[in-house]
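In what follows, every chain begins at residue 1, and chains take the letters A, B, ... in the order their sequences are listed.
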Number of protein chains: 2
Amino acid sequence: MEIRSFTIQTLERLPYYLHYMESRETEDVSSRDLANALGLNEVQVRKDLAAVSSKAGRPRRGFERKPLIRDIREALGFGRMDEAVIVGVGHLGTALINYKGFRELGLRIVAGFDLQVEDEIWVNETPVFSSDRLKNLIPRLNVKMAILTVNSENAQAVCDELVAAGIRAIWNFSQVMLNVPDNVIVRNENMAASLAVLSEYLSTGNNK
Amino acid sequence: MEIRSFTIQTLERLPYYLHYMESRETEDVSSRDLANALGLNEVQVRKDLAAVSSKAGRPRRGFERKPLIRDIREALGFGRMDEAVIVGVGHLGTALINYKGFRELGLRIVAGFDLQVEDEIWVNETPVFSSDRLKNLIPRLNVKMAILTVNSENAQAVCDELVAAGIRAIWNFSQVMLNVPDNVIVRNENMAASLAVLSEYLSTGNNK
DNA sequence: GAGATATCGATATCATAATATCGATTAAAA
DNA sequence: TTTTAATCGATATTATGATATCGATATCTC
């Protein structure tokens with residue numbers, strides 16, 4: 001089993017490196033350029049780059065921009081296309097179905113499920129089914145990723161169904177910390193915490 | 001200037017503690033209960049609770065549930081109501097305007113701005129204006145928080161306008177690491193990174 | 001009432017990530 | 001051609017967060 005050689009922290013910075021480098025037109029880019037542009041430490045930048053690319057930098061030049069872009073895209077999985085279902089097609093779920101940025105990132109949402117839906121409906125090109133049909137359809141679609149945008153009350157129960165249906169990766173937008181077996185990965189999108197950080201800053205002026 | 005005594009990591013766990021405790025009906029709740037339910041270390045739970053509440057726990061009982069709930073809600077800023085504008089009213093922006101969860105979290109979106117809009121339009125109860133009017137309206141509304149859901153190309157330019165208009169806290173959904181003065185705080189919502197974590201797990205089976 | 005034990009809070013240890021330091025190297029400048 | 005300086009990569013240090021340990025104590029059981 002292949003293992004990842006870089007940390008999640010590194011992974012989280014990669015999209016920013018990528019965007020900066022794609023916006024340049026020079027032959028090379030140095031770790032200092034990147035660090036200054038993104039407000040990071042330049043040693044950290046070099047370590048991140050070393051973790052995802054075998055290309056060495058050169059003194060007084062930096063790194064060749066184009067090969068590095070390729071390596072970062074590779075590390076971010078931009079080559080592969082994943083399929084996912086989305087459960088909970090309210091406002092947020094609908095927005096995510098419509099969000100065209102996912103395609104660029106290599107994600108295709110192939111179906112939605114919602115308790116409120118009786119017969120199949122369509123949100124643009126995406127079919128949305130009653131949640132009842134989740135346990136049958138997911139194995140047939142052979143999808144391994146699910147986006148969870150249901151409310152807190154239902155989150156764990158839906159999660160259990162998803163796992164039983166064969167889902168192995170869950171992108172969790174609910175306020176619940178999900179209980180899953182070891183072979184299932186959860187990524188939490190914690191809006192309440194994000195908002196709290198900002199709100200607290202405004203009310204106290206205290207950063208970090 | 002009041003300072004926050006707890007870390008962002010603690011803050012990110014608070015919504016989960018809160019949800020768990022609100023779903024219980026017992027008089028008390030122990031750090032072990034919480035830790036087991038949420039898959040955390042119980043020492044970590046105790047430290048988090050100590051950081052946001054002066055209430056002591058008792059041997060063999062744990063913590064009184066209701067006062068602790070109050071303290072966590074206080075720490076998360078649920079008492080206060082913040083106002084924000086949203087810039088970039090595409091699919092994601094529209095969803096966030098409609099997302100009723102924000103109200104519970106103490107956030108009211110008072111206006112939207114979008115380049116495509118010529119005259120004022122309405123998204124439910126929220127007025128959306130042309131981006132031209134941003135620099136005049138934001139000071140008049142006296143809003144200090146902005147949600148940024150524009151595309152990467154425009155993100156930094158819009159950010160600069162927001163800062164000039166008096167915005168001090170930015171919730172950034174774009175793929176760009178924004179450059180801001182020291183007295184402005186940015187919180188990045190990094191969808192590409194989240195997706196990459198999940199996608200990579202599915203393709204390699206490697207967790208953590 | 002005496003003993004057992006669950007739970008706390010404090011402190012110590014460990015793990016991980018961020019940052020600083022420094023010699024080596026190579027392109028540019030003199 | 002020689003000197004200068006920007007940049008790298010490796011290593012050391014520091015900072016931060018997570019986890020383990022342990023004595024104190026309040027409640028429960030007998």
If the condition is ring-ring contact (aromatic ring centres under 6.0 Å, His included), which residues does [X] pass it with, not counting sequence neighbours?
X	answer
B:F78	none
B:F129	B:F113
B:F173	B:W171

What side-chain donor-acceptor pairs closer than 3.5 Å can you find for residues 80-93 of chain A, not counting sequence neighbours?
unit_1: A:R80; atom_1: NE; unit_2: B:S199; atom_2: OG; d: 2.8
unit_1: A:D82; atom_1: OD2; unit_2: B:S199; atom_2: OG; d: 2.5
unit_1: A:E83; atom_1: OE2; unit_2: A:R108; atom_2: NH2; d: 3.4

(request) Just call it for B:R46: base, sugar-phosphate, or nothing, with non-hydrogen atoms closer than 4.0 Å on any strand. (result)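 If one applies the 4.0 Å heavy-atom cut-off, B:R46 turns out to touch a base.
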Atom-pair distance ([atom1] on [X]; [atom2] on [N]), nearest Å:
X	N	atom1	atom2	result
A:R61	C:dA28	CZ	C1'	10 Å
B:L68	C:dC8	CG	C1'	14 Å
B:K47	C:dT13	NZ	C1'	11 Å
B:E12	D:dG17	CD	P	11 Å
B:R60	D:dT27	CZ	P	10 Å
B:Q9	C:dA17	CD	P	12 Å
A:E64	D:dT7	CD	P	16 Å

(message) With the threshold set at under 4.0 Å for non-hydrogen atoms, list the residues of residues 48-58 of chain A touching DNA chain D in residue-number order.
(response)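 The stretch gives A:A56, A:G57, A:R58 as the residues lying under 4.0 Å from the strand, ordered by number.
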(message) Test: ring pair (Phe, Tyr, Trp, His ring centres under 6.0 Å). Region: residues 25-44 of chain B. Which pairs qualify, not counting sequence neighbours?
(response)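 For residues 25-44 of chain B, and leaving out neighbouring residues, there are no ring pair (Phe, Tyr, Trp, His ring centres under 6.0 Å) pairs at all.
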(message) Using ring centroids (six-membered ring only for Trp), state whether A:Y99 and A:F102 fall under 6.0 Å.
(response)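 That pair passes the under 6.0 Å test.
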(request) Sequence neighbours left out, what pairs pass salt bridge (Lys or Arg N to Asp or Glu O under 4.0 Å) with at least one residue falling in residues 89-106 of chain B? (result)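 For residues 89-106 of chain B, and leaving out neighbouring residues, there are no salt bridge (Lys or Arg N to Asp or Glu O under 4.0 Å) pairs at all.
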(request) Scan for salt bridge (Lys or Arg N to Asp or Glu O under 4.0 Å) pairs involving residues 37-46 of chain B, sequence neighbours excluded, and state none if there are none. (result)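 Listed once each, the pairs are B:R32-B:E42, B:E42-B:R46.
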Quick one: which protein N/O atoms are closer than 3.5 Å to N/O atoms of nucleotides 1-3 of chain C? Pair and distance per line, please.
none

Can I get a per-line list of side-chain donor-acceptor pairs under 3.5 Å for residues 153-162 of chain A, giving both atom names and the distance, sequence neighbours left out?
unit_1: A:N154; atom_1: ND2; unit_2: A:N151; atom_2: OD1; d: 3.1
unit_1: A:Q156; atom_1: OE1; unit_2: A:N179; atom_2: N; d: 2.9
unit_1: A:Q156; atom_1: NE2; unit_2: A:D160; atom_2: OD1; d: 2.8
unit_1: A:Q156; atom_1: NE2; unit_2: A:N179; atom_2: O; d: 3.2

Can you give each donor-acceptor pair under 3.5 Å made by side-chain atoms of residues 51-63 of chain B, sequence neighbours left out, with the distance rounded to 0.1 Å?
unit_1: B:S53; atom_1: OG; unit_2: B:K55; atom_2: N; d: 3.1
unit_1: B:S53; atom_1: OG; unit_2: B:D71; atom_2: OD2; d: 2.6
unit_1: B:R61; atom_1: NH1; unit_2: B:D28; atom_2: OD2; d: 2.4

(message) Could you tell me if B:N124 and B:T126 have a donor-acceptor pair between their side chains, going purely by distance under 3.5 Å?
(response)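 Checked: B:T126/B:N124 side chains show no N/O donor-acceptor pair below 3.5 Å.
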(message) Short of 4.0 Å, heavy atom to strand atom, which residues of residues 16-45 of chain B count as contacting DNA chain C?
(response)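 Of all residues in residues 16-45 of chain B, the ones placing a heavy atom under 4.0 Å from DNA chain C are B:S30, B:S31.
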